[in-house]
Peer 1: 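Shown below is the structure under consideration.
All values derive from a computational prediction rather than experimental measurement.
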Amino acid sequence: MAQSTGSVGTQTLSLVDEFILTLLNEESGYFHQVPGWDLNCAVAGAALAELSLRSRIDTDMDSLILLDSDKTGDPVLDPILEKIAADPGHGNAQYWIERLAVRAESVVDLTLERLVSLKILEHHDGDFWTLARTGWQADLHAGSLEGTAAEFVTTRLSRVLFSDEIPEPRDIIIICLLNTCDVLRFIFQLDEEAEERVELVCKMEMIGRAIAEAVEHSQAGPLLRRVSLTKKIPSVRLFKMLRSRHIRDGNLPALFAGLTEEYGPVFKIKLPFTKPLIFLAGPRTNRWVHRNGRLYLRTGDYFADMEKVYGASGVLPALDGADHFRLRKAMHPALSRGKLESRLDDLLAHGRQFLSDWKIGDSLPATHVCRRLINSETSPLLVSIDSQDVIDDVIVYKERALNTHISGLLPKFLLHTPGMKRRSTLVTEVRDRVQSVHTPAQRSGCPRELADDLLSLHMSDPQFLPEANLGFALSTPLLAAMYLGDSLGFALYAMVSQPELYERIRGEADALFADGDPDSEDLVGPATDVTRRFVMECMRLYPSVPASIRNVMNTCVVEGYELPEGMRIHIFTTASHYMEDVFPDPYKFDIDRYLPSRKEHLSPGYAPYGLGTHTCLGFRWMELQLAVNLLLIARHVSLELSPPDYKLRFNPFPSMSPSKKMRFVVAGLREDLG
């Protein structure tokens with residue numbers, strides 16, 4: 001099916017491929033929205049139409065007939081053909097569309113995977129897609145245009161809609177499906193003449209008419225669209241929750257795992273003097289949030305007060321839709337794993353400089369020292385400043401703001417005490433420092449970083465990224481030191497408290513640094529296998545951001561429970577980390593979970609970085625920085641817990657961090673840091 005034409009490939013796409021491509025909206029990184037059942041019917045219709053064009057079936061207004069049961073070689077089409085062959089001569093197109101619609105989700109998944117593998121689409125973290133910029137020649141059906149496949153398909157359809165050309169059957173079918181789903185007018189600007197042309201085109205081809213009418217009739221069926229009677233959301237008894245040992249040790253993911261197993265995936269907790277808090281937890285709700293959250297949930301409502309604290313409006317955590325995707329794309333290159341790999345020498349140098357102050361016998365407060373270590377690396381790498389003199393106060397202010405305006409644990413006036421007012425000015429000070437070192441002369445010859453990208457975006461589109469937002473945006477690396485530093489603290493505890501794993505990580509570190517500093521290739525291969533799996537298990541057991549908050553913007557039903565518009569929900573994405581059916585023996589620290597033979601993390605139950613469109617933008621950078629720091633510390637320093645029998649406790653708010661009572665003692669220095 002594929003042919004080589006020099007450096008450019010030619011590939012035949014199916015109707016399903018082309019239908020999905022035409023739905024892509026590059027501005028938002030997702031697809032023009034079609035209601036779920038309507039989309040399922042349209043996808044099933046596209047698959048049947050493709051089988052008809054391949055002479056496997058024939059269909060008209062009244063019947064669908066199997067002509068040839070031989071496999072097509074297409075993993076999307078062959079299971080559908082097999083079902084039809086098992087029940088030949090039964091039903092018409094509408095019957096089969098309704099029967100196959102339940103498989104549409106897997107059809108879409110397979111189609112997207114195929115388009116990515118063909119380098120037609122690129123998949124981005126957060127389930128965003130864009131057209132691949134590879135000059136893919138789309139001479140698919142006796143055409144001669146070059147460009148991306150999606151551009152070719154839309155150009156082909158444009159010719160049909162805005163000229164008198166006689167269209168090919170496949171183009172008629174795609175137009176019929178898009179028109180039936182009521183998205184054609186969002187893809188093309190249709191005037192009255194074009195709309196008349198659409199009506200004419202949709203009558204030109206019998207297969208297209210039959211499929212489109214079957215889809216339309218299936219969409220209209222109220223019995224298929226009706227949701228079963230929604231269930232009453234169960235209420236958790238507060239006194240029972242307060243008796244949990246996990247409340248005492250602060251382990252919220254474990255607490256909510258237990259509540260989910262007892263009360264189900266949706267439940268509420270009534271606290272004194274507040275409205276009931278609604279929670280979603282477990283792998284099924286994780287999957288729903290990841291796939292459907294962008295349609296029903298938004299972040300801006302709950303984050304609005306937090307934005308005001310920083311004098312900003314429209315920062316990344318508060319954005320949804322196309323604006324969110326645009327800002328993610330602008331920030332992604334500077335926060336990618338590849339960018340950190342290119343700065344590996346600088347990362348190691350900053351890390352060694354920080355460790356050089358450690359002396360034998362030093363007692364290190366885990367949370368404080370780990371946050372400062374991470375900031376000593378990220379601040380120079382991302383914004384080219386030294387912010388060690390202000391990092392502690394910046395974090396104190398951020399934590400107080402979260403506890404007053406997000407979690408609501410403290411009254412808001414506590415953010416306006418004299419000490420907090422003084423700290424609030426540091427965000428502006430950080431912004432001014434960054435801008436002062438980012439003049440053209442000072443940046444000449446320097447590697448491009450996050451601050452460069454943000455300042456360029458501000459200059460090119462000051463309305464999208466106004467000056468008022470720069471303080472928050474440019475202080476992001478300092479704020480990230482809180483979360484990443486806490487993750488490092490958890491990882492060091494896990495390493496120091498498990499001597500066997502400590503020795504294995506130390507062995508990898510010694511081999512890695514034996515002949516000098518490693519390069520980026522050494523960090524992704526078998527040389528760091530133990531360390532990488534160790535980091536993954538730390539993120540499972542000790543996620544620094546265990547939950548997210550959203551407001552329902554469109555009424556929806558999740559696991560049989562109705563969530564009305566305007567409801568605020570708390571999504572405990574990491575509760576599944578402690579659920580037996582997702583991670584067997586969940587309280588056991590087991591890095592073998594991530595071996596190819598088990599792959600327990602390859603499910604929506606593993607979600608240490610969030611899910612959906614707001615998945616942590618820099619999580620791949622984060623994983624690498626954690627691994628490098630563990631290897632660096634294991635190579636140069638011997639640490640012990642203080643006291644030696646310390647049992648981990650969590651500080652759960654505003655994010656999950658190690659108890660401030662946890663300390664490490666420098667028991668020895670292994671290798672010269674000079």
Side-chain angles (χ1 to χ4, degrees), residues 303 306-307 309-312 315-318 327 330-331 334-335 339-340 343 346-347 350-351 353-354 365-406 415 419-438 449-455 457-458 465 467-489 544-545 616-619 621-622 624-626 629 651 654-658 660:
F303 207 79
M306 189 70 180
E307 285 187 301
V309 166
Y310 288 91
V315 298
L316 185 67
L327 191 51
M331 297 175 66
L335 295 173
K339 173 59 74 172
L340 186 57
R343 303 288 303 277
D346 294 327
L347 174 63
H350 290 304
Q353 183 178 357
F354 187 90
T367 301
H368 175 74
V369 78
C370 288
R371 290 176 174 183
R372 290 184 67 83
L373 169 56
I374 293 298
N375 186 65
S376 74
E377 299 166 344
T378 55
S379 192
L381 289 173
L382 292 173
V383 290
S384 289
I385 63 169
D386 179 357
S387 59
Q388 292 292 78
D389 59 321
V390 298
I391 181 60
D392 296 334
D393 283 333
V394 168
I395 288 178
V396 167
Y397 185 72
K398 170 74 177 295
E399 289 182 319
R400 180 66 62 85
L402 289 170
N403 278 329
T404 55
H405 288 282
I406 299 298
L415 193 62
M420 288 299 148
K421 287 182 178 179
R422 175 182 59 81
R423 292 183 177 96
S424 70
T425 64
L426 294 177
V427 173
T428 302
E429 182 177 329
V430 168
R431 180 200 68 190
D432 293 343
R433 284 190 195 183
V434 174
Q435 289 182 303
S436 70
V437 298
H438 280 77
E449 61 185 20
L450 179 64
D452 294 312
D453 291 345
L454 289 171
L455 291 170
L457 181 59
H458 165 64
L465 182 58
E467 186 176 349
N469 288 8
L470 286 178
F472 184 93
L474 294 174
S475 63
T476 296
L478 283 69
L479 304 178
M482 181 175 84
Y483 303 109
L484 185 49
D486 291 343
S487 294
L488 178 60
S544 59
V545 183
C616 175
L617 180 56
F619 79 88
W621 170 303
M622 175 180 176
L624 179 58
Q625 190 173 357
L626 278 177
N629 275 288
N651 182 8
S655 57
M656 228 166 70
S657 60
K660 288 183 168 57

Peer 1: Evaluate the criterion side chain to side chain contact (heavy atoms under 4.5 Å, CB included) for residue pair L381 and Q625; output intermediate values, then yes/no.
Peer 2: CA-CA 12 Å; L381 289 173; Q625 190 173 357; 5.7 Å; no
Peer 1: Is there side-chain contact between L382 and L335, with heavy atoms separated by less than 4.5 Å?
Peer 2: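 Yes, at least one pair of side-chain atoms sits under 4.5 Å.
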Peer 1: So do the side chains of V369 and L373 get within less than 4.5 Å of each other, counting heavy atoms only?
Peer 2: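 No - every pair of side-chain heavy atoms lies 4.5 Å or more apart.
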Peer 1: Quick one, L474 and L455 - any side-chain contact, counting heavy atoms below 4.5 Å?
Peer 2: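 Yes, close enough: below the 4.5 Å cut-off.
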Peer 1: If you round to the nearest 0.5 Å, how far is CD of E399 from CG of N651?
Peer 2: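 Those atoms lie 7.5 Å apart.
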Peer 1: Report yes if the side chains of E429 and D432 come closer than 4.5 Å at any heavy-atom pair, otherwise no.
Peer 2: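 No, side chains not in contact.
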Peer 1: Test side chain to side chain contact (heavy atoms under 4.5 Å, CB included) on V390 and R423; report intermediate values, then the result.
Peer 2: CA-CA 9 Å; V390 298; R423 292 183 177 96; over 6 Å; no
Peer 1: Under the side chain to side chain contact (heavy atoms under 4.5 Å, CB included) rule, what do K398 and Y310 come out as? Steps first, then yes or no, please.
Peer 2: CA-CA 10 Å; K398 170 74 177 295; Y310 288 91; 3.5 Å; yes
Peer 1: Go through it in stages, so that I can follow the logic: the residues are L327 and L457, the test is side chain to side chain contact (heavy atoms under 4.5 Å, CB included), and I'd like the CA-CA distance, side-chain angles, deciding distance and then a yes or no.
Peer 2: CA-CA 9 Å; L327 191 51; L457 181 59; 3.7 Å; yes
Peer 1: If you compare all heavy atoms of I391 against all heavy atoms of A481, which two are closest, and at what distance to 0.1 Å?
Peer 2: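 For I391 and A481, the tightest heavy-atom pair comes out as CD1-CB, 4.3 Å.
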Peer 1: CG of L316 to CE of M331: how many Å apart, nearest 0.5 Å?
Peer 2: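 It is 5.5 Å, given to the nearest 0.5 Å.
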Peer 1: Y483 and L479: which non-hydrogen atoms are nearest, and at how many Å?
Peer 2: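 That closest heavy-atom pairing would be CD1-O, 3.7 Å.
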Peer 1: Could you please spell out the steps behind the salt bridge (Lys or Arg N to Asp or Glu O under 4.0 Å) verdict for D453 and K339?
Peer 2: CA-CA 13 Å; D453 291 345; K339 173 59 74 172; over 6 Å; no
Peer 1: What I'd like to find out is whether the side chain of T367 reaches to under 4.5 Å of the side chain of D486, using heavy atoms alone.
Peer 2: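 Yes, their side chains come closer than 4.5 Å.
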Peer 1: Tell me if the CD atom of Q353 is crowded by more than 12 foreign heavy atoms within 6.0 Å.
Peer 2: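 Check fails, neighbour count at 12 or below.
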Peer 1: Give me the atom names and distance for the closest heavy-atom approach of E377 to G351.
Peer 2: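 Minimum heavy-atom separation between E377 and G351: OE2-CA, 3.4 Å.
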Peer 1: For L415 and A401, which heavy atoms make the closest approach, and how far apart are they?
Peer 2: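 Closest approach of L415 to A401, heavy atoms only: CD1-N, 3.7 Å.
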Peer 1: How many angstroms lie between atom NE2 of H438 and atom CD1 of I385, to the nearest 0.5 angstrom?
Peer 2: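 Nearest 0.5 Å value for the NE2-CD1 distance: 9.0 Å.
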Peer 1: Show the nearest heavy-atom pair for residues F303 and I406, with the distance to one decimal.
Peer 2: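 Taking F303 first and I406 second, the nearest heavy atoms are CD1-CD1, 4.1 Å.
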Peer 1: Working to the nearest 0.5 angstrom, can you tell me the gap between L454 CG and N469 CG?
Peer 2: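 Separation between the atoms: 10.5 Å.
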Peer 1: Only counting residues at least two apart or in another chain, list the ones meeting salt bridge (charged side-chain N to carboxylate O under 4.0 Å, His left out) with E449.
Peer 2: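 With neighbours one apart ignored, the set is R443.
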Peer 1: Strictly by modelled atom types, are S379 and S387 linked by a side-chain donor-acceptor pair under 3.5 Å?
Peer 2: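 Yes, side-chain donor-acceptor contact under 3.5 Å.
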Peer 1: Nearest 0.5 angstrom please: L484 CG to W621 CH2, how far?
Peer 2: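 Rounded to the nearest 0.5 Å, the CG-CH2 separation comes to 10.0 Å.
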Peer 1: Between L450 and P477, is any pair of side-chain heavy atoms under 4.5 Å apart?
Peer 2: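 With C-beta onward as the side chain, the pair touches.
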Peer 1: Among residues at least two apart in sequence or on other chains, which ones pass side chain to side chain contact (heavy atoms under 4.5 Å, CB included) with S487?
Peer 2: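 For S487 the side chain to side chain contact (heavy atoms under 4.5 Å, CB included) partners, ignoring immediate neighbours, are M539, S544, M622, L626.
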Peer 1: Calculate, to the nearest 0.5 Å, the distance between atoms CZ and CG belonging to R431 and L426 respectively.
Peer 2: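 Answer rounded to 0.5 Å: 13.0 Å.
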Peer 1: With side chains defined as the heavy atoms from C-beta onward, is the minimum distance between N375 and I395 less than 4.5 Å?
Peer 2: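 Of all side-chain heavy-atom pairs linking I395 with N375, none is under 4.5 Å.
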Peer 1: Between S655 and M482, which heavy-atom pair has the shortest distance, and what is it?
Peer 2: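 Scanning both residues completely, I find the closest heavy atoms to be OG-CE, 4.1 Å.
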Peer 1: Using modelled atom types and a 3.5 Å cut-off, is there a donor and acceptor pairing between side-chain atoms of H458 and backbone atoms of L465?
Peer 2: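 A pair under 3.5 Å: yes.
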Peer 1: Do V434 and L470 make a side-chain contact, defined as non-hydrogen atoms from C-beta onward lying under 4.5 Å apart?
Peer 2: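 SC-SC contact between V434 and L470 ruled out.
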Peer 1: Can you list everything that forms a side chain to side chain contact (heavy atoms under 4.5 Å, CB included) with D386? Sequence neighbours excluded, please.
Peer 2: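 Partners of D386 under the side chain to side chain contact (heavy atoms under 4.5 Å, CB included) test: Q388.
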Peer 1: Hey, is R371 close enough to D392 for a salt bridge, meaning N to O under 4.0 Å?
Peer 2: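 The answer is no: the pair does not qualify as a salt bridge.
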